[in-house]
2 protein chains.
Amino acid sequence: MRNEDPPVSTSVTIVDIARQAGVSIKTVSRVINREEGVGAETRARVQAIIDRLRYRPNASARSLSSRRSYLIGVIFLEVGAYYYVGQVQVGAMRACRRAGYHLVVEQVRTPGAMGGVQAFAQSLREARFDGVVLTPPTCDDPEVLAAIETAGLPYVRIAPDRDFDRSPYVFMDDRAAAREQTLRLWDMGHRRIAFIDGPADHGSAARRRQGYVEALRERGAEPRPEWIVQGAFRSLSGFEAAEGLLGLPEPPTAIFAANDEMAMGVLAAAAKHGLSLPGDLSVVGFDDTPAAEAAWPRLTTIHQPTAEMAEAAVDILIDGFGDERFRGRTAIRQLDYTPMIRDSAAPPRR
Amino acid sequence: MRNEDPPVSTSVTIVDIARQAGVSIKTVSRVINREEGVGAETRARVQAIIDRLRYRPNASARSLSSRRSYLIGVIFLEVGAYYYVGQVQVGAMRACRRAGYHLVVEQVRTPGAMGGVQAFAQSLREARFDGVVLTPPTCDDPEVLAAIETAGLPYVRIAPDRDFDRSPYVFMDDRAAAREQTLRLWDMGHRRIAFIDGPADHGSAARRRQGYVEALRERGAEPRPEWIVQGAFRSLSGFEAAEGLLGLPEPPTAIFAANDEMAMGVLAAAAKHGLSLPGDLSVVGFDDTPAAEAAWPRLTTIHQPTAEMAEAAVDILIDGFGDERFRGRTAIRQLDYTPMIRDSAAPPRR
DNA sequence: GCGGCTTACGACAACGTTGTCTTATCTAGT
DNA sequence: ACTAGATAAGACAACGTTGTCGTAAGCCGC
């Protein structure tokens with residue numbers, strides 16, 4: 001067991017391994033890919049040499065020959081800014097690593113670049129992904145979907161909003177979570193509950209709004225249009241929405257923001273107005289970002305298992321590669337939310 | 001100009017183009033890669049066919065043959081959570097798109113996975129990146145650097161903290177920015193200025209602290225140890241640090257958090273203590289996240305051109321590919337910060 | 001001892017590009 | 001008119017794998 005590591009790694013190939021082991025390259029290939037048809041003894045000998053020389057197969061060659069790139073794309077409308085994006089990557093990467101895949105980040109909208117979906121589609125066809133994961137709201141964009149299907153790429157969507165039998169997908173029951181959240185406010189005694197909506201093209205925002213509406217109707221109240229205001233999932237939009245709401249002749253006693261970022265904006269607006277929370281105003285969010293826990297008052301919200309959803313999506317994708325026709329399987333995976341009851345919601349002060 | 005698009009794209013190759021154009025595949029290859037040695041007329045004819053058939057070269061084949069993968073890795077200690085990560089990706093992707101590269105995200109630390117840097121190194125060698133971009137604090141990790149150098153990969157670092165002539169890098173003068181920031185507080189009249197530090201392994205945190213210390217000394221004051229507290233760049237750590245600071249017998253009148261996330265935590269702690277900002281306490285941050293603008297009071301901070309730094313890093317990387325020995329060039333690129341003077345800092349109330 | 005089956009392995013041709021070298025053809029200089 | 005030198009294009013061999021098919025050896029049943 002002397003330290004006889006090879007010199008600097010001037011790329012050792014499958015041929016080197018085969019020669020050293022005295023077998024054919026095909027046999028080495030079989031060992032690498034854990035295929036059967038190799039005797040235990042031979043397998044061990046080859047494996048030992050692979051380990052000693054620190055051999056790693058060349059991804060390009062492998063991919064050219066096998067038509068598999070071991071690359072999975074995760075597609076965002078826009079990378080950056082959101083906490084959500086990071087969480088998706090965390091989960092997706094975990095699943096990729098486990099299965100020996102790499103994660104390529106793609107973005108449909110590239111500020112300052114020419115050609116929108118067109119350029120994206122080109123980029124797609126060139127990259128040779130084995131499959132892609134689509135995140136909202138891109139997962140509902142007909143153009144994007146068409147581009148991916150034209151390229152013949154298997155894909156899994158996270159939290160899509162329609163065409164549910166068009167592909168496998170993973171989701172969480174946003175509507176139910178939002179309904180519960182609203183019900184909790186109502187049952188605390190709130191009767192003037194406002195809702196700050198997400199971007200119009202965002203399916204999960206719409207479902208959260210539905211849950212809100214549903215809860216009110218369930219308690220026999222008709223949602224008032226002036227209490228449902230448009231937001232953009234960014235803290236500044238939450239701030240502005242709350243400003244409007246608090247300036248109303250009959251301001252709400254509770255505000256439900258469709259995501260935590262906007263809820264943080266609401267907190268800021270409340271601070272500006274000198275409101276004491278949660279006494280003067282209850283605020284609840286959705287997502288459970290780290291900032292929600294470090295807010296004051298600590299934000300009551302819904303924990304969304306984003307990373308786990310992304311992980312499940314990649315798992316479905318990779319599992320599907322075995323199958324002849326990926327589209328045949330319409331795997332669906334539902335994950336659970338968790339209400340995080342903290343301090344920002346309380347019965348309204350009389 | 002009839003609409004005679006080809007049928008579904010059952011992968012058209014360079015051979016198809018060559019046949020249709022009546023030229024050799026090499027000539028097509030030359031057209032694709034904008035090499036010289038093709039007549040204008042031939043070039044146009046070939047290009048037209050490429051466009052008509054929507055041909056895109058096979059990345060794997062190209063990569064196998066040319067030893068270039070057109071893949072650039074961007075390496076984080078941990079993806080997720082930070083605003084920073086998203087911004088880096090935005091910039092890096094912009095540069096990649098421009099040059100026809102794709103961006104692969106890698107993470108050194110994979111929670112719940114075996115093998116730390118070792119597994120990472122394997123993953124690296126397998127992926128065949130053309131080059132990688134390292135972000136802090138990973139860009140200062142000797143093990144990671146050694147792994148990358150062993151693999152013979154060109155790399156560019158973003159905001160490294162040492163070994164400045166080991167590779168090209170891009171940076172921003174954190175120290176100067178923090179010094180100015182501190183000076184502004186001092187010159188407003190603050191004499192008890194606390195600093196919430198970042199993680200110990202984070203070079204830019206250390207430089208910001210140096211700037212803070214330097215500013216105080218410049219004004220003839222010696223920094224008090226109890227006013228420099230450890231944080232972790234997360235909002236919760238900012239909250240906790242502020243709690244400690246505000247409980248001091250002689251609490252600071254201003255708190256400088258080494259990043260915005262922690263500053264947001266400080267804001268929360270101040271709200272908890274019923275402080276009126278900025279009268280009772282001035283708070284300043286560093287980074288200029290979107291949340292900083294939607295806070296109340298709006299957070300005074302330093303705008304860091306993160307996306308631009310990442311973009312520059314990728315540009316340097318790609319430019320360097322032309323050169324024989326990448327290590328020969330030690331390109332350095334400095335970008336400027338911008339103080340964002342908003343409402344969270346003001347002269348102390350007497 | 002023969003055919004038929006299984007197991008373990010190898011030969012060889014893809015895979016779709018790019019790199020290197022060679023070969024026509026055209027242009028300019030004398 | 002002849003050569004030198006540029007320019008345009010092609011032939012062919014890599015690149016490092018995997019897929020397909022072939023085959024030798026061993027085992028079984030009779």
Side-chain angles (χ1 to χ4, degrees), chain A residues 9-47 49-50 53-71 100 125-128 130 152 321-322 324, chain B residues 9-47 49-50 53-71 100 125-128 130 152 321-322 324:
Chain A
S9 76
T10 172
S11 79
V12 20
T13 77
I14 200 173
V15 182
D16 301 316
I17 306 294
R19 192 162 30 219
Q20 287 230 15
V23 297
S24 73
I25 57 172
K26 182 65 220 194
T27 298
V28 177
S29 173
R30 279 191 262 258
V31 171
I32 297 165
N33 297 296
R34 290 166 175 62
E35 286 169 28
E36 51 185 14
V38 183
E41 196 185 335
T42 312
R43 188 179 293 274
R45 182 158 41 93
V46 171
Q47 187 60 55
I49 293 172
I50 288 175
L53 299 190
R54 298 207 206 300
Y55 165 71
R56 297 255 86 192
N58 177 318
S60 311
R62 170 180 268 195
S63 144
L64 176 59
S65 184
S66 67
R67 277 92 198 291
R68 279 222 196 175
S69 65
Y70 293 92
L71 250 33
R125 302 189 40 212
E126 175 178 279
R128 310 270 140 161
D130 285 347
F321 292 155
E324 290 289 288
Chain B
S9 77
T10 171
S11 79
V12 22
T13 76
I14 199 172
V15 182
D16 303 315
I17 306 294
R19 192 163 27 219
Q20 288 231 13
V23 297
S24 73
I25 57 173
K26 182 65 222 195
T27 298
V28 178
S29 172
R30 278 190 264 257
V31 172
I32 298 165
N33 298 296
R34 289 167 175 62
E35 286 170 29
E36 52 184 12
V38 183
E41 194 186 338
T42 312
R43 188 180 294 272
R45 181 158 40 94
V46 170
Q47 187 60 55
I49 294 174
I50 288 176
L53 300 189
R54 297 206 206 302
Y55 165 71
R56 297 255 85 193
N58 178 316
S60 310
R62 173 180 263 196
S63 144
L64 176 60
S65 184
S66 67
R67 274 92 200 292
R68 279 226 197 171
S69 65
Y70 294 91
L71 251 32
R125 302 189 41 210
E126 176 178 275
R128 309 268 142 164
D130 285 346
F321 292 155
E324 290 288 286

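Proteins come first, then strands; the chains are lettered A, B, ... in the order of their sequence lines, and each starts at number 1.
One atom, CD of E36(A), and another, P of dC9(C), lie 13 Å apart when rounded to the nearest Å. Distance R45(A) CZ to dA8(C) P: 14 Å, rounded to the nearest Å. As a whole-Å value, the separation of R34(A) CZ from dT18(D) C1' is 16 Å. The distance from atom CD of E35(A) to atom P of dT18(D) is 8 Å, rounded to the nearest whole Å. Rounded to a whole Å, the CD1 atom of I25(A) is 10 Å from the P atom of dG10(C). Put simply, CG on N58(B) is 10 Å from P on dT18(C), counting in whole angstrom units. Rounding to whole angstrom units, CD1 of residue I50(B) and C1' of dG16(C) are separated by 14 Å. Here the P atom of nucleotide dC9(C) and the NZ atom of K26(A) are 13 Å apart, to the nearest Å.
How far CD of Q20(B) is from CZ of R45(B): 11.5 Å, rounded to the nearest 0.5 Å. Residue E35(B) holds its CD atom at 5.0 Å from NZ of K26(B), rounded to the nearest 0.5 Å.
If you check distances only, the side chain of R30(A) does reach the base of dG10(C) with a donor-acceptor pair under 3.5 Å. The base of dG16(C) has none of its N or O atoms less than 3.5 Å from a complementary donor or acceptor on the side chain of R67(A).
For the OP1/OP2 pair of dG16(D) and a distance below 4.0 Å, the side-chain nitrogens and oxygens of Y55(A) include no atom meeting the criterion. Y70(B) has no side-chain polar atom (N or O) that falls below the 4.0 Å cut-off from OP1 or OP2 of dT18(C). Here T27(A) reaches the OP1 or OP2 of dG10(C): one of its side-chain N or O atoms lies under 4.0 Å away. For the pair R62(A) and dT18(D), the criterion of a side-chain N or O lying under 4.0 Å from OP1 or OP2 is met.
Using a distance-only test at 3.5 Å, with no hydrogens or angles considered, no donor-acceptor pair links the side chain of S65(B) to the main chain of A61(B). In terms of modelled atom types and a separation under 3.5 Å, the side chain of S60(B) and the main chain of S63(A) share no donor-acceptor contact.
Of the candidates dT17(D), dA11(D), dG16(C), the closest approach to any side-chain atom of S24(B) belongs to dA11(D). The listed nucleotides are dG16(D), dA11(D), dT17(C); the one nearest the side chain of L64(B) is dG16(D). In the set dG10(D), dT17(C), dG10(C), dG10(C) carries the atom at the smallest distance from any side-chain atom of V23(A). Nearest to the side-chain atoms of I14(A) among the listed nucleotides dT17(C), dA9(D), dT17(D) stands dT17(D). Nearest to the side chain of P57(A), among dT17(D), dA11(C), dT18(C), sits dT17(D). Side-chain atoms of S29(A) lie closest to dT18(D) of the nucleotides dA11(C), dT18(D), dA14(D). Here the side chain of N33(B) is nearest to one of dT20(D), dT18(C), dG16(D), namely dT18(C).
For the side-chain contact (heavy atoms from CB on, under 4.5 Å) criterion with I50(A), the lone passing option out of V31(A), I14(A), D16(A) is V31(A).
The side-chain heavy atoms of L71(B) and R128(B), taken from C-beta on, include no pair separated by under 4.5 Å.
Within the nucleic acid shown, T42(A) comes within 4.0 Å of sugar-phosphate atoms alone, with no base atom in reach, counting heavy atoms only. I32(A) comes within 4.0 angstrom of nothing in the nucleic acid, heavy atoms only. S63(A) comes within contact range of no nucleotide atom at all, as no heavy-atom separation falls under 4.0 Å.
Nucleotides of DNA chain D nearest to S66(B) and G37(B) differ in position, and the one nearer the 5' end is that of G37(B).
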